[in-house]
Structure formats: structure tokens, C-alpha cells
Amino acid sequence: MQHADKAPLSRPGRWMALALAAALASGCTILQEDKIDYSSAQRGNTLEVPPDLTQLARDSRYALPGEAATASGYQATTAASGHAGDTALQKIGDARIERAGNQRWLVVDRPPEQLWDTVRAFWQDNGFVLEIDQEKIGIMETDWAENRAKIPQDFIRRTLGRVIDNLYSTGERDRFRTRFERNAAGGTEIYISHRGMEEVYTSSQKERTIWQPRASDVELETEFLRRLMVALGSATEEQAKAAATVAAAPSSVQQTTVDGTPALRFADNFDRAWRRVGLSLDRTGFTVEDRDRSAGIYYVRFVAPDPDRSSKPGLFSRLFGGSKKADASPERQRIVVRSSDELTTVSVQDAQGKPDGGPNAQTIIKLLAQDLN
């Protein structure tokens with residue numbers, strides 16, 4: 001969103017202002033919402049990341065406990081993952097898209113180390129700068145970027161192109177996290193999660209704006225999974241589009257209590273439940289500091305939503321070097337995934353590993369339930 005400059009405009013500046021006014025008044029616009037054309041918000045510069053969004057490095061975080069991937073072992077292993085009756089999938093070449101509830105992920109019959117460089121180049125080719133690029137822990141995360149294809153293609157913009165292109169803004173920014181998980185067959189599961197921000201006015205006079213979170217976009221996640229299939233050479237455009245339309249498998253996540261503390265319960269074995277909970281944590285903005293798959297524990301930091309956002313700088317402003325005022329200290333907690341046969345329970349513990357039934361734990365369980373269903 002642009003704000004008028006109070007200083008007198010030069011002749012070129014006045015002409016540009018008139019052109020912008022004409023563009024905004026034009027009724028001849030063509031929205032191109034089905035296209036993606038990202039432009040990094042601060043290309044080449046590292047954003048200031050507040051403490052609640054940092055990541056801690058740890059070796060081999062995405063390797064299966066007790067298993068090592070080798071070329072001979074990989075070649076001798078057939079690709080088998082999950083149960084077709086529980087998780088919908090459609091395989092093309094050496095890749096397939098699996099789906100449970102509103103979550104999708106890509107399964108590729110290649111080890112992570114063979115995919116990392118290609119996936120990195122994929123995000124860069126799509127207009128992003130990687131802020132997190134840590135192969136040891138299997139995490140990539142882009143910077144905040146704007147989808148320029150959402151800007152109306154009015155007469156002025158089509159005519160003058162890049163001359164005035166920087167005067168236009170969608171008022172939205174997106175970032176994507178890519179998480180690699182090695183599966184039991186020696187292949188890789190790739191999860192892409194979206195986080196969005198939007199610029200909103202803080203008063204009816206529209207004098208000031210702040211950036212605040214908006215809902216994750218499942219369709220954007222799916223589109224990038226589809227494009228990644230093509231980039232990996234696993235499918236043609238047509239095949240990838242067909243794979244992305246895989247039907248949803250039934251998903252019913254129930255909120256319950258276990259020993260007086262909030263919890264989730266749903267029908268899934270541990271492998272699938274572990275992956276799905278990890279994707280939900282990425283989507284809902286938790287900082288996963290560490291994870292212990294053998295114990296079924298995600299170590300996370302959580303900042304409870306601030307009900308009085310209008311009186312403080314928005315998160316996006318802080319990311320771009322705004323106010324240095326300290327936020328509330330993030331709570332460190334543990335998300336515990338326990339499975340027995342095909343039934344999984346997800347609960348919350350405090351930093352010391354004790355059951356947590358406080359307000360933050362209740363909020364975490366509610367957020368996970370909304371995303372998993």
C-alpha cells in the first residue's frame with residue numbers, strides 16, 4: 001500500500017502520480033490470480049529474524065534413527081510408504097503426491113542429499129532468497145516475497161511496464177518452508193508449508209498500516225509441490241497437474257483430554273502422524289528447535305497471539321528492522337506424539353517434560369486440530 005508524499009512533486013513526479021491515479025481509476029483490469037510471479041521483498045539482504053523465529057542447528061535431524069542411506073541400499077530398496085487405504089496417493093516416475101486431510105507432501109524415491117541442490121535452485125528460480133538453507137537439519141526457508149501476478153494488469157501498467165512497476169503492491173507477502181524427511185525406504189518426503197502476511201489499516205482514516213498474519217494457503221503449497229515434481233524431472237506439466245488433484249483421504253482429529261490436560265486423538269500410525277504434526281507445526285508458525293523422532297517429541301517455541309495488535313508494530317515490521325521493543329518471551333514446550341497401532345495421541349509438555357494444561361497448551365492443541373482436519 002502506498003502513501004502520498006507531502007513534499008511538492010517535481011514535474012516527472014507529478015506525471016507519475018497522475019499515471020498512478022489513472023491506473024487506480026481504470027476499470028479495465030485483468031486479475032491473474034492463477035499465475036505465480038514472486039519477487040523477493042529484500043533480494044540479497046538478510047532479514048532481521050526475531051528470537052522467536054530462529055532455528056538451532058543440529059546434525060542429522062532429518063535422518064531416521066538407526067538407519068543410514070547408502071547407494072547400494074537405496075537401489076535394492078523398493079519404494080513403499082504408508083497404506084493406500086489411509087493416505088491417498090498418485091505416483092508418477094519416481095515421485096508421488098500423498099495427501100491426508102488438507103495436507104499434501106511429495107515422496108521421491110531418492111535420498112535427500114541427491115535432491116537438496118535441485119530444490120534450492122527451484123526456490124531461487126521462482127524468485128525467492130533462502131534465509132534458512134541448512135542441509136544438516138533438512139530445512140529450507142524463503143524470505144518474505146510478493147506474488148506480483150496478483151497485481152491487476154491495467155492499461156497503464158501494461159503500457160509502461162517496469163517504469164512504474166514499483167508503485168504497485170498487493171499488500172501481501174508469502175514465505176515458504178521446505179522440510180526434508182528421510183523415509184524407511186531410503187527415499188525422501190518433502191513438505192512445503194506456507195505462511196502469509198497482509199498489510200491492513202489500523203484506523204478508518206487509513207493513515208497507518210501494520211502487517212499481520214493471514215491464513216496459510218493450501219493451494220499455494222499444492223502448486224509448488226506440483227512445480228517441484230516437474231523441476232525434479234519426475235513428471236511432465238500435465239502429469240504433475242493430475243497428481244496434484246489426488247482425492248483427500250478421510251481425516252477426523254478429535255480434541256480430548258488425557259490426565260486432565262488437552263490433547264488430540266486421531267486414527268493414524270506413528271509414521272504418518274509424526275509427519276503430519278511436523279507439517280502443522282511449520283504451517284502454524286511454531287519454531288521447531290529440535291526433534292527426536294525415536295521419542296516422538298518436537299521441541300518448540302511458541303508465542304501466544306497478542307489480542308491487542310493495533311497498539312504495537314506488526315510482526316512484518318519487526319522482521320524488516322522496525323521497532324526494537326522486546327516481545328514477550330517465547331514459551332518452550334514439547335509436542336509429544338504417541339501411537340498405538342493405528343491410533344495416535346498428541347499432547348503438550350512444558351520445557352521440563354511435565355504435562356502442560358495451561359492456556360498456551362490449550363491454544364497449541366486448538367491450532368493443531370484446526371490445521372490437521
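Numbers here are sequence positions counted from 1.
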With sequence neighbours left out, which residue pairs that include part of residues 236-245 fulfil the salt bridge (charged side-chain N to carboxylate O under 4.0 Å, His left out) condition? R226-E237
Flag side-chain contact, heavy atom, 4.5 Å: V108 against Q114: no
Single-linkage hydrophobic cluster, 4.5 Å side-chain cutoff, F270 and V348 together: yes
Step-by-step side-chain hydrogen bond (donor to acceptor under 3.5 Å, both in side chains) determination, R110 to T118: CA-CA 12 Å; R110 286 176 254 172; T118 303; 5.9 Å; no
Using the side chain to side chain contact (heavy atoms under 4.5 Å, CB included) criterion, which residues pair with R214? Sequence neighbours excluded. K150, E172, D174, H194, E198
Test item: I36 and L220 side chains (from C-beta on) under 4.5 Å apart, heavy atoms: yes
Distance (rounded to the nearest 0.5 Å) between T222 OG1 and R227 CZ: 12.5 Å
Let me confirm one number: the CG-CG distance from D37 to N147, rounded to the nearest 0.5 Å. 7.0 Å
Give, for atom CG of L232 and atom CZ of F122, the distance between the pair rounded to the nearest 0.5 Å. 8.5 Å
Of all pairs that satisfy salt bridge (charged side-chain N to carboxylate O under 4.0 Å, His left out), the ones with a partner from residues 278-287, not counting sequence neighbours: R177-D282, R179-D282, E221-R283, R283-D371
Smallest separation among heavy atoms of G171 and E146, with atom names: N-OE2, 4.1 Å
Residue pair V253 / A369: nearest heavy atoms and the distance that separates them: CG1-CA, 4.4 Å
Looking only at non-hydrogen atoms, find the nearest pair between Y191 and E189 and report the distance. OH-OE1, 2.7 Å
Output the rest of the hydrophobic cluster of L343: all Ile, Leu, Val, Met, Phe, Trp and Tyr residues reachable through side-chain heavy-atom contacts under 4.5 Å, sorted by chain and number. none
Residue pair P111 / R182, side-chain heavy-atom distance below 4.5 Å: yes
With a 4.5 Å limit on heavy-atom distance, are the side chains of F266 and V346 in contact? yes
Heavy-atom side-chain contact between F224 and T178 under 4.5 Å: no
Is it true that E131 and R175 have a side-chain N and a carboxylate O under 4.0 angstrom from each other? yes
Can you sort out the partners of A351 under side chain to side chain contact (heavy atoms under 4.5 Å, CB included), two or more places apart, ordered by chain and number? R332
What is the minimum heavy-atom distance between G357 and P262, and which atoms define it? CA-CD, 3.7 Å
Please enumerate all residues that pass salt bridge (charged side-chain N to carboxylate O under 4.0 Å, His left out) together with R104, with sequence neighbours excluded. none
Checking S294 against D292: is there a side-chain donor and acceptor pair closer than 3.5 Å? yes
Nearest 0.5 angstrom please: E98 CD to R275 CZ, how far? 6.0 Å
Kindly write out the residues that satisfy side chain to side chain contact (heavy atoms under 4.5 Å, CB included) with L130, not counting sequence neighbours, or none if the list is empty. R120, W123, D133, M140, T142
For Q370, the side chain to side chain contact (heavy atoms under 4.5 Å, CB included) test, sequence neighbours excluded, returns K366, L367
Does the side chain of N373 reach to within under 4.5 Å of the side chain of N102, using non-hydrogen atoms? no
Starting from the C-alpha separation in whole Å, work towards a yes-or-no answer on side-chain hydrogen bond (donor to acceptor under 3.5 Å, both in side chains) for T287 and E289. CA-CA 6 Å; T287 297; E289 292 188 330; over 6 Å; no
Does D341 have more than 12 heavy atoms from other residues, nucleotides or ligands lying within 6.0 Å of its CG? no
Quick one, E141 with Q134, criterion side-chain contact (heavy atoms from CB on, under 4.5 Å). Give me CA distance, side-chain angles, the key distance, then yes/no. CA-CA 9 Å; E141 188 166 273; Q134 299 187 26; over 6 Å; no
What verdict does the side-chain contact (heavy atoms from CB on, under 4.5 Å) test give for Q255 and L264, after you've listed the backbone C-alpha separation in whole Å, the side-chain angles of each residue and the deciding distance to 0.1 Å? CA-CA 5 Å; Q255 295 188 56; L264 297 178; 3.7 Å; yes
Residue pairs passing the salt bridge (charged side-chain N to carboxylate O under 4.0 Å, His left out) test with at least one member in residues 345-361, sequence neighbours excluded, are none
Atom OG1 in T261, atom CD1 in I365: separation rounded to 0.5 Å? 8.0 Å
With salt bridge (Lys or Arg N to Asp or Glu O under 4.0 Å) as the test, would you mind laying out the steps for D143 and R173 before giving the verdict? CA-CA 9 Å; D143 62 346; R173 298 293 185 271; over 6 Å; no
Correct closest heavy-atom pair for V107 and N183 would be CG1-ND2, 3.8 Å
Do S347 and Q349 have a side chain donor and acceptor closer than 3.5 Å? no
Can you name the nearest heavy-atom pair linking T188 to P112, along with the distance? OG1-N, 2.9 Å
Would you say the side chain of F180 lies within less than 4.5 Å of the side chain of I190, judging by non-hydrogen atoms? yes
Below 4.5 Å, heavy atoms only, C-beta onward: do W211 and W144 meet side chain to side chain? no
Passes side-chain contact (heavy atoms from CB on, under 4.5 Å), Q103 versus L372? Steps please. CA-CA 7 Å; Q103 297 177 330; L372 286 166; 3.8 Å; yes
Does V336 sit in a hydrophobic cluster with other residues, and if so which ones, taking ILVMFWY side chains as linked at heavy-atom separations under 4.5 Å, directly or through other members? I297, Y299
Hydrophobic cluster membership, with links at side-chain heavy-atom distances under 4.5 Å among I/L/V/M/F/W/Y: are W116 and L225 in one? yes
Path from Y38 to L228 over hydrophobic side-chain contacts below 4.5 Å: yes
Which residues satisfy the ring pair (Phe, Tyr, Trp, His ring centres under 6.0 Å) test with Y298, sequence neighbours excluded? W274
For R334, salt bridge (charged side-chain N to carboxylate O under 4.0 Å, His left out) partners two or more places apart: none
Checking N269 side chain against R272 main chain: does a donor-acceptor pair fall under 3.5 Å? yes
